[in-house]
Amino acid sequence: MATTLLSIQVIPKTPDGRDSIPFVDEAIKVIQRSGVKYEVHALETTLEGELPQLLQIVNEIHEALLQAGCPGVISQVKIAQYPSGISMDQLTEKYRP
């Protein structure tokens with residue numbers, strides 16, 4: 001079982017006021033390629049894994065967005081770490097139909 005959940009909301013600064021969604025899509029592609037378990041939600045994406053791996057993914061997201069032409073990137077990150085294990089399913093199962 002994973003020991004860490006990390007939620008990230010990426011807020012790309014866009015050139016010339018362009019739409020930010022294509023850049024958010026690029027961030028999600030980085031997460032998809034990583035192979036970690038994740039869930040995309042309306043305002044953030046939650047990843048499940050080990051802290052060093054998840055922080056590396058955050059770094060890769062920032063690098064990808066800067067390479068895609070963002071003049072700057074802000075991310076809001078929340079981390080829950082439990083050495084005994086934690087999962088998205090464990091935390092949300094009682095709320096699912």
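On a predicted model such as this, the values are computed, not experimentally measured, just so you know.
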Inset, instruction - Decide yes or no on side-chain contact (heavy atoms from CB on, under 4.5 Å) for I21 and D25, but give the supporting numbers first. - result: CA-CA 6 Å; I21 296 302; D25 290 342; 3.8 Å; yes
Inset, instruction - May I ask you to decide if R18's main-chain N or O and D16's side chain share a donor-acceptor pair within less than 3.5 Å? - result: no
Legend entry - Side chain to side chain, I11 and S75, heavy atoms closer than 4.5 Å: no
Inset, instruction - Nearest 0.5 Å please: distance from the NZ atom of K29 over to the CD atom of Q32. - result: 8.5 Å
Pairs of donor and acceptor atoms involving the side chains of residues 84-92, under 3.5 Å and at least two apart or interchain, shall be tabulated with distances.
from : atom 1 : to  : atom 2 : distance (Å)
S87  : OG     : Q90 : N      : 2.9
D89  : OD2    : K37 : NZ     : 2.8
Q90  : OE1    : S87 : N      : 3.2
T92  : OG1    : M88 : O      : 2.8
T92  : OG1    : R96 : NE     : 3.0
T92  : OG1    : R96 : NH2    : 3.0

Inset, instruction - Would you give the length of the straight line joining atom OG1 of T14 to atom CZ of F23, rounded to the nearest 0.5 angstrom? - result: 6.5 Å
Inset, instruction - Evaluate side-chain contact (heavy atoms from CB on, under 4.5 Å) for E44 paired with S7, printing each intermediate quantity in order. - result: CA-CA 6 Å; E44 65 187 11; S7 290; 3.7 Å; yes
Inset, instruction - To the nearest 0.5 angstrom, please state how far the OG1 atom of T4 sits from the CG atom of L51. - result: 5.0 Å
Inset, instruction - Any chance you could measure I57, atom CD1, to I8, atom CD1, to the nearest 0.5 Å? - result: 9.5 Å
Inset, instruction - State, yes or no, whether a side-chain contact exists between K78 and Q76 at a heavy-atom distance under 4.5 Å. - result: no
Legend entry - K13 side chain reached by P71 side chain, heavy atoms, under 4.5 Å: yes
Inset, instruction - Under the side-chain hydrogen bond (donor to acceptor under 3.5 Å, both in side chains) rule, what do T3 and E50 come out as? Steps first, then yes or no, please. - result: CA-CA 6 Å; T3 63; E50 302 306 317; 2.5 Å; yes
Inset, instruction - To the nearest 0.5 Å, tell me how far E48 CD sits from Q53 CD. - result: 11.0 Å
Legend entry - T46 and V40, any side-chain heavy atoms less than 4.5 Å apart: no
Legend entry - For the student: nearest non-hydrogen atoms of E60 and V30, plus distance: CB-CG1, 3.8 Å
Legend entry - Spatial distance of atom CG (L5) from atom OH (Y82) [nearest 0.5 Å]: 8.5 Å
Inset, instruction - State, to 0.1 Å, how close P15 and G69 come at their nearest heavy-atom pair, and which atoms those are. - result: CG-O, 3.2 Å
Legend entry - From CA spacing to verdict: side-chain contact (heavy atoms from CB on, under 4.5 Å), V73, V10: CA-CA 7 Å; V73 182; V10 176; 3.9 Å; yes
Inset, instruction - Please assess L65 against E26 for the test side-chain contact (heavy atoms from CB on, under 4.5 Å), listing each intermediate value before the final yes or no. - result: CA-CA 7 Å; L65 294 185; E26 195 62 36; 3.8 Å; yes
Legend entry - Same cluster (ILVMFWY, side-chain, under 4.5 Å), V77 and L66: yes
